[in-house]
There are 2 protein chains.
Amino acid sequence: MPENTLYPHVSVDCVVLGFDGSQFNVLLLKRTGIEGSQTFNDLKLPGGLIFSDENLDDAAHRIVGEHINTNALFLKQFKSFGSPSRTSHPRDVHWLEKAVQLKIGRIVTIGYLALLRISSTLRFHSKDVQAIWVPLQQVGTLAFDHNQIVEEAVREVCEIVVRDPSTVFNLLPKRFTASQMRVVYEALFGQPLDVRNFHKKMSRMPYVVPLDEFEKQVAHRAARYYRFDKKIYFKVYGGFYPGRSSLYGQ
Amino acid sequence: MPENTLYPHVSVDCVVLGFDGSQFNVLLLKRTGIEGSQTFNDLKLPGGLIFSDENLDDAAHRIVGEHINTNALFLKQFKSFGSPSRTSHPRDVHWLEKAVQLKIGRIVTIGYLALLRISSTLRFHSKDVQAIWVPLQQVGTLAFDHNQIVEEAVREVCEIVVRDPSTVFNLLPKRFTASQMRVVYEALFGQPLDVRNFHKKMSRMPYVVPLDEFEKQVAHRAARYYRFDKKIYFKVYGGFYPGRSSLYGQ
DNA sequence: ACAAAAGTGTTCCGCATACACCCATGC
DNA sequence: GCATGGGTGTATGCGGAACACTTTTGT
């Protein structure tokens with residue numbers, strides 16, 4: 001089957017990062033396979049071959065959508081991976097042949113990154129027993145080159161948030177307190193942030209609007225709720241971020 | 001040939017941006033094809049299918065290397081393009097069948113961006129009559145979706161330079177004057193920059209070291225030369241840029 | 001002496017950083 | 001009343017932005 005070596009397959013792999021209020025988790029799927037005469041269980045990213053008439057973004061939505069509701073999901077292509085050896089581990093070769101029902105020569109994969117908050121209302125699709133959230137710190141050895149893909153995705157996240165501050169609100173509920181927002185930033189940057197300075201930073205964001213609503217039933221002073229205002233945000237940034245290019249002319 | 005629709009091909013397309021001292025140019029290849037009974041001439045990005053045992057970065061180097069010397073070339077993957085219709089224009093279908101000698105169903109392409117300076121010593125490989133530099137402002141309608149690819153690459157450039165200031169020095173000679181460097185930034189940001197502020201900015205960059213060498217034979221005050229010091233740069237930045245992620249733990 | 005580009009200093013403002021105490025609430 | 005987390009103000013320093021004149025050199 002020379003076609004299979006000449007013509008690589010194309011897949012999409014999705015690094016779905018969910019913030020649970022204190023840390024980041026990645027959505028992984030349980031995989032069972034055979035290596036030699038042994039069976040093994042490990043984990044992989046949600047991913048799959050693209051359909052012949054499907055564009056990349058659609059494929060990514062479809063693949064994530066097999067496990068969670070993707071309405072209004074932040075989902076962004078971030079990097080492609082095409083090492084010829086990325087699917088050549090015996091475990092992976094064997095698993096692929098069973099899963100895809102094709103002899104696979106090589107797969108180039110397009111990496112997608114999704115950001116969302118893990119809320120009490122977020123549910124895996126019914127009967128989806130293979131999908132689990134794994135805290136980033138506890139991710140072990142994954143299938144294929146998926147550790148590398150996760151690593152690169154994580155590297156992306158901060159840059160995305162810095163470039164476009166509105167993306168953090170994907171990680172927060174509609175109403176959120178200042179400390180919820182601060183905890184997200186602390187997780188992103190891996191260090192504690194000064195509370196007073198963070199309040200000032202927030203108050204300098206015109207698109208973070210304070211509400212006249214407060215926490216209830218808490219064993220301490222009730223925190224104020226805020227919300228993110230998209231319209232104000234786009235008015236402020238005008239759709240462009242600082243450092244935009246104008247190489248095509250002013 | 002159902003394989004061809006099921007298994008897309010994978011190519012690499014390279015947006016090679018060359019700065020000529022005053023503006024950015026993109027490396028394009030002349031293409032001659034047939035549409036209906038007419039022949040036509042237009043331009044395309046350098047690109048091609050990946051080899052079966054080649055990784056993506058290597059393919060990009062190979063493809064750019066067919067036209068210019070890629071020693072120490074800044075070359076970076078920036079985005080993939082996979083619309084099913086991106087190669088479906090009749091001109092492109094016909095041209096591909098001749099060029100690739102295969103019936104092509106669909107091509108997913110990985111976009112690469114290269115940055116370099118166009119110097120007097122830069123030469124296209126001998127007899128390479130198809131490769132030309134086209135100023136970005138003068139780029140017309142290109143083959144396939146190459147206009148879109150160029151557009152996205154140009155959008156990338158500023159962000160890359162902002163994230164990693166050392167990349168600008170790919171666009172400058174080893175020794176450069178302050179105004180040469182300023183002109184690069186002005187072209188990048190599409191606006192004139194204040195001369196005094198730019199000098200201060202430069203003097204705040206420890207890795208831009210002033211030399212005791214000056215222009216000669218110029219009909220005005222001779223400008224000082226500077227050089228970029230990689231070692232100092234990496235000492236300053238430690239290999240990391242501000243806003244790096246530490247999601248894996250501190 | 002003139003044309004042409006190089007080089008230089010000050011002020012103002014916004015933002016980041018560092019730092020310590022009082023407030024509201026439930027138990 | 002105490003434990004728990006929420007909320008607040010001041011001082012300092014750096015870097016971005018605005019702004020005009022003198023210096024050097026070849027012709």
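Letters go in sequence order (proteins before strands), and every chain restarts at 1. Keep in mind that what you see is a predicted model, and the values were worked out from it rather than measured.
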Q: How about B:Tyr233 and B:Phe228: are their ring centres within less than 6.0 Å of each other?
A: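 Between B:Phe228 and B:Tyr233, which both carry aromatic rings, the centre distance is below 6.0 Å.
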
Q: Write down the distance between CG (A:Asp194) and P (D:dG7), rounded to a whole number of angstrom.
A: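 Result: 15 Å.
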
Q: Please list, pair by pair, any protein nitrogen or oxygen found under 3.5 Å from a nitrogen or oxygen in nucleotides 25-27 of chain D.
A:
from	atom 1	to	atom 2	distance (Å)
D:dT25	O2	B:Ala219	O	3.4

Q: In whole angstrom, what separates A:Lys201's NZ from C:dT17's C1'?
A: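 It works out to 11 Å between those atoms.
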
Q: Considering heavy-atom distances to DNA chain C, does B:Asn197 or B:Thr177 have its closest nucleotide positioned more toward the 5' end?
A: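 Of the two residues, B:Thr177 wins.
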
Q: Given the side-chain rings of A:Tyr207 and A:Phe234, with only the six-membered ring counted for Trp, is the space between their centroids under 6.0 Å?
A: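 Centroid distance A:Tyr207-A:Phe234: not below 6.0 Å, so no.
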
Q: Rounded to whole Å, how long is the line connecting atom CG of B:Leu193 with atom P of C:dT8?
A: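 Rounding to the nearest Å, CG of B:Leu193 and P of C:dT8 are 18 Å apart.
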
Q: Once you round it to whole Å, what is the distance between P of C:dG7 and CZ of B:Arg224?
A: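 Taking atom P of C:dG7 as the reference, CZ of B:Arg224 is at 8 Å.
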
Q: Under 30°, 30 to 60°, or over 60°: which ring-plane class applies to A:Phe144 and A:His146, parallel, tilted or perpendicular?
A: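 A:Phe144 vs A:His146 ring planes: tilted.
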
Q: CZ of A:Phe198 versus C1' of C:dC15: gap in Å, rounded?
A: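 Rounded to the whole Å, the gap is 15 Å.
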
Q: Please tell me which of the listed nucleotides, D:dG7, D:dG9, C:dG7, lies nearest to the side chain of A:His199?
A: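 Selected nucleotide (nearest to the side chain): D:dG7.
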
Q: Could one point to a donor on the side chain of B:Lys200 or the base of C:dT10 with an acceptor on the other under 3.5 Å away?
A: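 Between C:dT10 and B:Lys200, which were checked side chain against base, a qualifying N/O pair under 3.5 Å is present.
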
Q: Judged by atom type as modelled, is there a donor-acceptor pair below 3.5 Å linking the side chain of A:Asn170 to the main-chain atoms of A:Thr167?
A: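 Yes.
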
Q: Which residues pass the side chain to side chain contact (heavy atoms under 4.5 Å, CB included) test with A:Ala59, sequence neighbours left out?
A: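 With neighbours one apart ignored, the set is A:Val12, A:Ile50, A:Glu54, A:Arg62.
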
Q: Would you say the side chains of B:Asp164 and B:Tyr237 form a donor-acceptor pair under 3.5 Å?
A: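 Absent: no donor and acceptor within the cut-off.
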
Q: Any chance the rings of A:Phe198 and A:Tyr185 have centres within less than 6.0 Å?
A: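 Yes - the distance between ring centres of A:Phe198 and A:Tyr185 falls below the 6.0 Å cut-off.
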
Q: Can you tell me the distance, in whole Å, between the CD atom of A:Gln180 and the P atom of D:dG6?
A: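 Checked: the CD to P distance equals 10 Å.
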
Q: So, does A:Arg196 get its side chain near the phosphate of D:dG6, meaning an N or O under 4.0 Å from OP1 or OP2?
A: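 Negative; the distance criterion is not met.
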
Q: Can you tell me the distance, in whole Å, between the CZ atom of B:Arg182 and the C1' atom of C:dT8?
A: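 One finds 14 Å between C1' of C:dT8 and CZ of B:Arg182, rounded.
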
Q: From CZ of B:Phe214 over to C1' of C:dA5, roughly how many Å is that when rounded to an integer?
A: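 In whole Å, C:dA5 C1' and B:Phe214 CZ are 15 Å from each other.
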
